[in-house]
Amino acid sequence: VDGLERALVQNDRELDGFSTQNAIGPLFVALADKCLNASSGVLAMVNPTVSLTTPSGQRERQVLAKRFHIHTLVTSHQPGEINLSQNTSINESLIIARRSGRREGTRLPTRIISLDRMPTDDGEVAELHERLVRCERGLLSDGWGEVSEWPVERIEAGDWTAGVFRAPELAEAAFDLATHKSLFRMEDQNMVPSAVLLGGGRGYERRVDTNAPGIFPVLYSKSAEAQLAIRGLPDQHWAPKKSVPRRQWVDVPGADGRQHPDTARLMNHASHLLVTSGQDTGTGRLTAVAQEERCVGLGWLPVPGVTLEQAKAAAVFLNATAGRVELLRNPGRKLAFPQYNPAGLKVIRLPDLADRGMVDGLARCWEATAEMEVPQYRDGECDVRRIWDDAVADVLGWDKDWLAGLRHLLHREPHVRGLGYNQFG
């Protein structure tokens, strides 16, 4: 495999970095590029849906879009029918790329086909094909789904995220939010989530005794019953396994007394703000929590370096519709259970947390809703999400009706509601 890759790069320098050590798929795509007819070749492939969104796949998407017209992306949004190849439990999408794609010198947009149900036999395959031939854009008849378009400029830049949303309006809003000039990336605000405990916390153990030496608070579980409100509550306390004499303990700024050196190292990553490292988009409740006590997390990632008031403001935005839509742009292999890591989260855009007025407005909303139990995502419309959206609209000067419309569409997303469009239960 490495030999094939070296041969490809020697003959085509642009393919350097196209393939990675983590996946063999890109290598076969590069080989297919060499096999196809230079003027009329067509490349069709079933890929994990993650390939449409992952930052590590950006290079592959850009090279493909430069060499082909990305003609069509197909994703099934019917719960339980998410794979398009062999038996697998991950979301898959069909990518169709053509050598020719110019009309009067202009690159054509990409056709996005969002299926609401999968064909069950050859007859239904023929029926779906007929509906697609008749429909260039809009709803497909007989409940098959919807066809939309994604601008070629975004495709060529590597943004293929339209394939992960059922509602085209949500895909458009996600792009607008990801490029919004009044929002700033977390990393540009010195906010980078920490995966300090994601390896499982080796070297530490759970302690029931909250007075044990070196103990520290942990938001451990991401289950639907672990965090019920936007005010975070530590559900475990841990302590280092290694015994260290008290004389070797260290001073930690802001801590109450000296700390075990292992605890001190870990608490450098602790924060008032924690964001989810992954959750079920139907049964989950919150994307972020804030609390007075600085914590680390296992199912939650701390965001060091923020004040308590900034943490409150960020938690409101991330839980509001705008924050949720941004998070869902890069959901990973399963639309119904995204997994997040620091590299993907640090590019999420938030209001300017250096703006005192902005922070105060959102922090007041956190105070007003800190004790309100938040329903599961699949439960749909509720007072607390409306309050969060109205607060975001007020501080940013956004249209409340626009946010409300996105919120209602998000309630209907199949991987949120648990049922496809036109399905009831």
Do Met372 and Val374 pass the side chain to side chain contact (heavy atoms under 4.5 Å, CB included) test, and can you show the C-alpha distance, the side-chain angles, and the key distance before you say yes or no?
-> CA-CA 6 Å; Met372 294 176 66; Val374 181; 5.7 Å; no
Inter-residue atom distance [X].[atom1] - [Y].[atom2], 0.5 Å rounding:
X: Thr88; Y: Ile82; atom1: OG1; atom2: CD1; result: 7.5 Å
X: Asn91; Y: Lys334; atom1: CG; atom2: NZ; result: 8.5 Å
X: Leu197; Y: Tyr204; atom1: CG; atom2: OH; result: 7.5 Å
X: Ser93; Y: Asn83; atom1: OG; atom2: CG; result: 11.5 Å
X: Ser194; Y: Leu345; atom1: OG; atom2: CG; result: 11.5 Å
X: Asp142; Y: Leu128; atom1: CG; atom2: CG; result: 10.5 Å

Restricting to non-hydrogen atoms, name the atom on [X] and the atom on [Y] that form the minimum distance, rounded to 0.1 Å.
X: Arg98; Y: Val42; result: CG-CG2, 4.1 Å
X: Leu84; Y: Glu92; result: N-OE1, 2.7 Å
X: Leu353; Y: Gln310; result: O-NE2, 2.9 Å
X: Ala229; Y: Val289; result: O-CG1, 3.8 Å
X: Tyr377; Y: Thr281; result: CB-O, 3.2 Å
X: Glu156; Y: Arg107; result: OE2-NE, 3.2 Å

Residue pair [X] / [Y], side-chain heavy-atom distance below 4.5 Å:
X: Phe165; Y: His415; result: no
X: Trp150; Y: Ile70; result: no
X: Val306; Y: Asn190; result: no
X: Trp238; Y: Leu266; result: no
X: Val303; Y: Val275; result: yes
X: Leu298; Y: Gln236; result: no
X: Leu410; Y: Leu170; result: yes
X: Lys312; Y: Leu362; result: no

With a 3.5 Å distance limit and no angle check, can you tell me whether [X] reaches the backbone of [Y] through a side-chain donor-acceptor pair?
X: Gln279; Y: Leu286; result: yes
X: Asn319; Y: Ala288; result: yes
X: Ser51; Y: Pro48; result: yes
X: Thr54; Y: Val50; result: no
X: His272; Y: Pro302; result: no
X: Gln376; Y: Gly282; result: no
X: Thr75; Y: Ser114; result: no

Is it true that [X] and [Y] make a salt bridge, defined as a side-chain N closer than 4.0 Å to a carboxylate O?
X: Arg285; Y: Glu225; value: yes
X: Asp33; Y: Arg99; value: yes
X: Arg131; Y: Glu127; value: yes
X: Glu367; Y: Arg364; value: no

Before giving the answer on side chain to side chain contact (heavy atoms under 4.5 Å, CB included), spell out for Glu413 and Tyr421 the whole-Å C-alpha distance, their side-chain angles and the decisive distance to 0.1 Å.
-> CA-CA 8 Å; Glu413 281 290 286; Tyr421 276 34; 4.2 Å; yes
Got a sec: does the NZ of Lys34 have more than 12 other heavy atoms crowding it under 6.0 Å?
->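 For Lys34, atom NZ is crowded (more than 12 foreign heavy atoms under 6.0 Å).
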Would the number of heavy atoms belonging to other residues, nucleotides or ligands and lying under 6.0 Å from OH of Tyr220 be above 12?
->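 12 or below, so no.
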Please say which of Thr110, Leu64, Asn47 ends up in a side-chain contact (heavy atoms from CB on, under 4.5 Å) with Ile95.
->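 Between Ile95 and the candidates, side-chain contact (heavy atoms from CB on, under 4.5 Å) is satisfied uniquely by Asn47.
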side-chain contact (heavy atoms from CB on, under 4.5 Å) with Thr321: which of Arg407, Arg386, His408?
->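 Passing option: Arg407.
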Is NZ or CZ of Arg349 both nearer than 6.0 Å to the six-membered ring centre of Phe184 and within 45° of the ring axis?
->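 No.
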Does NZ or CZ of Arg117 lie under 6.0 Å from the centre of the six-membered ring of Trp144, at an angle within 45° of the ring axis?
->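 That pair qualifies as a cation-pi contact.
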Is the closest side-chain donor-acceptor distance between [X] and [Y] under 3.5 Å?
X: Arg61; Y: Gln58; answer: yes
X: Thr161; Y: Thr53; answer: no
X: Arg111; Y: Thr72; answer: no

Pairs touching residues 316-329 that satisfy salt bridge (charged side-chain N to carboxylate O under 4.0 Å, His left out), sequence neighbours left out =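 Every salt bridge (charged side-chain N to carboxylate O under 4.0 Å, His left out) pair that includes a residue of residues 316-329, provided the two are not neighbours, is Asp159-Arg329.
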Only distances under 3.5 Å count here; give the side-chain donor-acceptor pairs of residues 392-406 to other protein atoms, sequence neighbours excluded, each with its distance to 0.1 Å.
| residue | atom | partner | partner atom | Å |
| --- | --- | --- | --- | --- |
| Asp394 | OD1 | Lys400 | NZ | 3.2 |
| Asp399 | OD1 | Asp401 | N | 2.9 |

Are Leu318 and Ile348 close enough, and set up right, to give a side chain to side chain contact (heavy atoms under 4.5 Å, CB included), and what steps lead you there?
-> CA-CA 9 Å; Leu318 288 168; Ile348 296 295; 4.0 Å; yes
Using side chain to side chain donor-acceptor pair (under 3.5 Å) as the criterion, point out the one residue from Arg166, Gln78, Gln423 that pairs with Asp116.
->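 For Asp116, the side chain to side chain donor-acceptor pair (under 3.5 Å) test succeeds with only one of Arg166, Gln78, Gln423, which is Arg166.
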Give the C-alpha distance, both sets of side-chain angles, the deciding distance and a yes or no for side chain to side chain contact (heavy atoms under 4.5 Å, CB included) between Thr283 and Arg378.
-> CA-CA 6 Å; Thr283 60; Arg378 64 185 178 186; 3.5 Å; yes
For residues 292-315, pull every pair meeting ring-ring contact (aromatic ring centres under 6.0 Å, His included), keeping only residues two or more places apart or in separate chains.
->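 Pairs touching residues 292-315 that pass the test: none.
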